[in-house]
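Inspection log for the structure reproduced underneath, given as structure tokens.
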Amino acid sequence: MSSTSESNTAPRYLVTSALPYANGPIHFGHIAGAYLPADIFVRFLRLKKANVIYICGTDEYGAAITLNARKEGISPKELTDKYHRVIVGLFEKMQVEFDNFSRTTWPRHIENTQRIFLDLLKNGYVLEKTSQQQFCTHCNMFLPDRYIVGTCYNCGHEQARGDECPACGTWIDPLKLINPSCKMCGRAGLEVRETRHWYLDLPKLSPKLKEWLGEKTWWKKNVLNFIQNMIDQGLDARPITRDLDWGVPVPLEGAEGKVLYVWFDAPIGYLSSTMEWSEKRGEPNLWQDYWYNSECRMVHFIGKDNIPFHTIVWPGVLMGQDQPLILPYDVPANEFYNLEGAKFNTSTGWYIDVEDFFSKYQSDSIRYCIARNAPENSDSEFAWRDFQAKHNGELADIYGNLAARTFKFIHRYFDGRIPAAAEPTALDRETLAKMAEFPERVGHLLLDYRVREAAQEFMNLARLGNRYIDSSEPWKTRKTDPEQCGSSLRIACRLLAELAVLSYPFIPQSGTALWRQLRLDGTPQNQSWDDAAEIELPQDHPIGEAEIMFNKLTDEQIEAEIEALKARSAAQTGASTESHDAKSIEIPPIKATITYDEFAKLDMRVGEILAGENVPKSNKLLRLEIDLGCEKRQILAGIAQFYTPDQLVGRKVIVLANLAPRKLMGMESQGMLLAASLDSDLAALTIDNDRWATLPNGSPVS
RNA sequence: GGCGGAGUAGCUCAGUUGGUCAGAGCAGGGGAAUCAUAAUCCUCGUGUCGGGGGUUCAAAUCCCUCCUCCGCUACCA
């Protein structure tokens with residue numbers, strides 16, 4: 001590719017995206033945070049004639065992978081092979097193009113990781129400590145904190161995790177948890193065993209880090225705020241090894257069964273992947289032109305969950321090792337991208353099937369939709385309605401239609417050839433002057449990682465084109481002043497050529513399609529961003545047939561997608577319950593005994609559901625009106641994933657009537673609908689046999 | 001619990017260091033035009049800038065306080 005084309009003026013860039021964890025497919029949330037912004041940035045830099053390489057790969061170690069592999073009955077290697085392929089396939093569909101996409105199981109990556117570990121140890125940045133940890137004799141492994149469940153010693157909640165109690169919010173010391181059990185096998189009787197681990201001495205690196213971070217005045221504010229806080233609170237030594245058999249082995253005598261943590265080796269993957277790229281190119285030392293080059297700007301695109309690793313731990317690791325490796329130049333972290341109001345979640349069916357998606361839609365549509373609403377400063381989300389609006393209203397109507405009206409006109413009245421230029425009118429001059437401003441304006445925004453504004457701005461160039469054609473009215477001048485008419489269309493074509501280049505980083509297929517219709521040499525990628533407004537079109541140059549680049553998405557189609565998403569979510573939530581039997585779900589133990597008096601405080605009544613509706617913007621809540629005989633109540637029940645309002649109206653249910661009211665989603669809930677639930681399944685307590693149905697509303701339950 | 005973010009027109013959101021900052025896009029009303037995927041272009045906003053208090057000649061923008069929502073909390077990757 002053109003990635004190494006020499007240029008003395010433009011800076012050299014090493015761009016990375018967070019290594020996706022090869023534990024499952026990635027989704028649009030990942031794409032929006034770490035990949036699409038980086039891909040756009042890289043394509044743009046290439047047009048700016050910068051020397052840039054774009055590096056990534058799958059992250060393939062860690063406990064989660066061994067657990068999932070065990071669940072699927074395959075080896076960790078087989079699991080990561082599978083998801084490596086899946087992830088590569090997705091990037092191809094998204095048109096995210098890396099210079100190299102490696103894997104952390106690549107042998108030289110293991111060498112790199114071990115060497116860096118040994119450097120850190122030798123230089124005194126790694127401490128050895130023994131500690132007590134919970135060990136599950138059945139699973140034969142030390143348990144990560146989140147895989148330990150027990151009773152909270154602070155509030156008595158039975159389902160406290162080893163890291164935090166969901167009820168009272170206390171930070172849990174897993175060793176103090178009462179009746180701890182293993183979340184994986186469900187068994188109690190954990191043993192506390194002593195284990196030896198190595199820790200990265202962040203307190204020792206802290207002064208260097210502080211000084212280094214102090215210079216990063218150009219970093220995004222959300223990133224700086226976050227880490228400033230963390231540093232101010234003081235850094236703790238962090239364990240970088242763990243007891244596991246799937247990972248980079250600790251290269252020391254007596255350290256059998258210990259591997260380096262995935263977060264330790266994953267960023268080193270950037271280095272390893274660059275080396276692999278070098279090797280593949282047959283220039284084994286080429287990577288040093290980047291990693292040993294203090295003029296090279298290393299930019300890490302990540303999601304916000306990765307900020308501590310990339311701004312503190314990883315730079316600390318780089319500082320403490322012996323090679324002259326460069327430190328990150330910038331870490332433009334993005335926030336999260338959700339789906340229709342909730343987080344992407346594969347296990348509950350709240351996701352978009354990528355295979356299915358790309359069988360119906362173009363990558364440019366989703367790229368543009370995400371770019372226009374990228375989670376730069378706060379979380380944002382994908383919504384089908386918004387997707388339709390962006391696709392139809394902007395890509396098809398403004399961008400695609402500009403090309404169509406221009407090209408068709410030329411074919412119809414100018415024999416499909418670029419007309420001659422005439423003496424420019426005032427309007428021409430004004431338009432050309434505005435066109436000339438776009439490369440710098442859009443480019444400036446991109447260098448600032450303001451993708452959403454940049455996308456809006458390139459679309460404004462298309463708007464300028466539409467306005468120009470409307471104002472110059474070639475359908476009139478065709479009869480009154482053919483020369484002027486031709487000249488107008490020529491300018492419109494020049495604008496389209498510019499648009500092809502400026503839109504290329506965002507929507508590469510469409511940019512290329514425009515270029516092709518203009519029958520210009522090469523591709524937009526070979527052009528110069530700065531000169532995009534100056535592209536010359538020879539007189540009589542034949543252009544291609546006008547293509548429809550974006551077909552409209554119908555309301556029915558979009559409705560169907562929304563329905564399908566909801567249906568799958570409901571089905572998958574149901575499906576997971578069917579598998580309960582097979583998977584030996586833990587039945588929670590019986591709670592502590594209470595007295596009759598305590599029980600008698602509860603006032604439960606029979607109530608009839610009079611009406612129900614979904615609570616706007618909530619996935620879980622239904623607003624129900626319930627007749628309790630003596631009065632009517634509004635109750636918000638978290639059962640929307642299990643019942644539609646229709647299924648409930650007319651049913652008799654049991655309501656806890658003297659529960660203190662509570663506000664949910666801005667509405668007051670005056671009581672609680674009783675329901676049985678386990679895991680993620682739920683069934684409301686209804687009364688529908690003949691005898692019970694005759695009981696009046698408001699009958700007490702005891 | 002700690003930290004952080006957000007609350008601005010019906011919807012999605014912009015608003016650098018306080019003074020044309022009360023805005024853009026969409027939706028909606030009106031109009032022009034007809035080359036084009038019924039696409040385009042022009043035009044129209046009486047919004048307590050979450051509530052309250054304060055600083056100031058001047059605050060959406062600074063300070064205090066309250067309310068609501070959300071995220072993160074690095075030993076889960």
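Residue numbers begin at 1 in each chain, while the letters A, B, ... track the order of the sequences.
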ask   = Of the candidate nucleotides B/C35, B/C42, B/U37, which contains the atom at the shortest distance from the side chain of A/R405?
value = B/C35
query = Under 4.0 Å between a Lys/Arg side-chain N and an Asp/Glu carboxylate O for A/K77 and A/E60?
reply = no
key: Counterpart residues, salt bridge (Lys or Arg N to Asp or Glu O under 4.0 Å), relative to A/D470 (two or more places apart)   = A/R405
query = If each of A/A462 and A/K408 is mapped to the nucleotide of RNA chain B with the nearest heavy atom, which maps nearer the 5' terminus, i.e. the 5' end?
reply = A/K408
note = Whole-Å distance, A/N373 CG to B/C11 C1', equals 13 Å
task = For A/L235, answer base if it contacts any base atom (sugar-phosphate contacts may also be present), sugar-phosphate if it contacts only those atoms, and nothing otherwise; contact means non-hydrogen atoms under 4.0 Å.
result = base
inquiry  = Taking B/G18 as the reference, what is the distance to B/U61 when you measure between their P atoms (whole Å, please)?
reply    = 11 Å
query = Can you tell me how far P of B/U40 sits from CE of A/M459, to the nearest Å?
reply = 11 Å
query = How long is the line joining CD of A/E335 and P of B/C72, in whole Å?
reply = 10 Å
ask   = Would you say A/Y261 reaches B/C76's phosphate, i.e. side-chain N/O to OP1/OP2 under 4.0 Å?
value = yes
message = Give me the distance, rounded to whole Å, that separates B/G5 from B/G31 when you measure between the P atoms they each carry.
response = 48 Å
request  = Can you figure out which of B/C76, B/U37, B/U40 approaches the side chain of A/K552 most closely?
outcome  = B/U37
Closest to side chain of A/W263, choosing from B/C35, B/C75, B/C13 = B/C75
inquiry  = Whether A/K390 engages the ring of A/Y368 as a cation-pi pair (distance to the six-membered ring centre under 6.0 angstrom, angle to the ring normal within 45°) should be assessed.
reply    = no
ask   = Under a 3.5 Å cut-off for both distances, is B/A32 Watson-Crick or wobble paired, and to whom?
value = B/U40
query = When we call it a touch if two heavy atoms are under 4.0 Å apart, what does A/Y61 touch: a base, just sugar-phosphate, or nothing?
reply = nothing
Sugar-phosphate, base or nothing in reach of A/A63, heavy atoms under 4.0 Å = sugar-phosphate
remark   = Residues passing the salt bridge (Lys or Arg N to Asp or Glu O under 4.0 Å) test with A/K258, sequence neighbours excluded, are A/D243
note = Of A/P474 and A/G393, the one whose nearest nucleotide on RNA chain B sits closer to the 5' end is A/P474
request  = Tell which nucleotide pairs with B/A24, taking only Watson-Crick or G-U wobble pairs whose two distances are both under 3.5 angstrom.
outcome  = B/U12
request  = Tell me which nucleotide among B/U37, B/A74, B/C42 gets nearest to the side chain of A/I548.
outcome  = B/U37
ask   = A/R242 side chain N/O closer than 4.0 Å to the phosphate oxygens (OP1, OP2) of B/C76?
value = yes
key: Watson-Crick or G-U counterpart of B/U61, or none if no pair lies under 3.5 Å   = none
note = Rounded to whole Å, NE2 of A/H411 lies from P of B/U37 at a distance of 13 Å
ask   = Between B/A36, B/A39, B/C75, which nucleotide gets closest to the side-chain atoms of A/D397?
value = B/A39
ask   = If we call it a pair only when both distances are under 3.5 Å in a Watson-Crick or G-U wobble match, what pairs with B/G7?
value = B/C67
Integer angstrom distance from the P of B/A22 to that of B/C26 = 23 Å
ask   = Using the P atom in both, what is the distance from B/A32 to B/G10, to the nearest Å?
value = 29 Å
query = Can any side-chain N or O of A/Q362 pair as donor or acceptor with the backbone N or O of A/M549 at less than 3.5 Å?
reply = yes
Nucleotide B/A14, atom P - distance to CG of A/D448 in whole Å = 16 Å
Show the distances under 3.5 angstrom between N or O atoms of the protein and N or O atoms of nucleotides 25-32 of chain B.
none

message = Taking any heavy-atom pair under 4.0 Å as a contact, classify A/R478: base, sugar-phosphate, or nothing.
response = nothing
task = Would you kindly check if the NZ (Lys) or CZ (Arg) of A/R242 is within the cone defined by 45 degrees around the ring axis of A/W198 and under 6.0 Å from the six-membered ring centre?
result = no
ask   = Does a side-chain heavy-atom distance below 4.5 Å link A/D397 with A/K552?
value = yes
request  = Go ahead and name the base partner of B/G47; Watson-Crick or wobble counts if both distances stay under 3.5 Å, otherwise write none.
outcome  = none
inquiry  = Work out how far the P atom of B/U56 is from that of B/U16, and round it to whole angstrom.
reply    = 24 Å
ask   = What nucleic acid atoms does A/D59 come within less than 4.0 Å of, heavy atoms only: base, sugar-phosphate, or nothing?
value = nothing
ask   = Does the side-chain ring of A/W475 lie flat on the base of B/C35, meaning centres under 5.5 Å and planes less than 30 degrees apart?
value = yes
ask   = Can A/K304 be said to sit on top of A/F336's aromatic six-ring, NZ or CZ under 6.0 Å from centre and within 45° of the ring axis?
value = yes
task = Spell out, as yes or no, whether a donor-acceptor pair under 3.5 Å connects the side chain of A/S273 to the backbone of A/Y270.
result = no
request  = Sticking with atom P, work out how far B/C66 lies from B/C3, rounded to a whole angstrom.
outcome  = 14 Å
task = From the options B/A39, B/C13, B/A77, select the nucleotide whose nearest atom is closest to the side chain of A/N401.
result = B/A39
ask   = Between atom CZ in A/F550 and atom C1' in B/A38, what is the gap in whole Å?
value = 19 Å
ask   = Tell me: CG of A/N392 to P of B/A38, nearest whole Å?
value = 12 Å
request  = Could you tell me the separation between the CG atom of A/N23 and the P atom of B/A77, rounded to a whole number of Å?
outcome  = 9 Å
request  = Using the P atom as the reference point in each nucleotide, state the distance between B/C11 and B/C49 in Å, no decimals.
outcome  = 16 Å
message = Measuring only the P atom in each nucleotide, how far is B/U8 from B/C69? A whole number of Å is fine.
response = 15 Å
query = Between the side chains of A/H391 and A/S365, does any donor sit under 3.5 Å from an acceptor?
reply = yes
request  = Tell me the partner of B/U73, counting only Watson-Crick (N1-N3 plus N6-O4 or O6-N4) or G-U wobble (N1-O2 and O6-N3) with both under 3.5 Å; none if nothing fits.
outcome  = B/G1
ask   = To the nearest 0.5 Å, how far apart are CD in A/Q456 and CG in A/N373?
value = 11.0 Å
task = Remember a base hit wins even if backbone is also touched, and classify A/F407 as base, sugar-phosphate or nothing at under 4.0 Å, heavy atoms.
result = nothing
query = Side chain of A/A404: nearest nucleotide among B/A36, B/U40, B/C13?
reply = B/A36
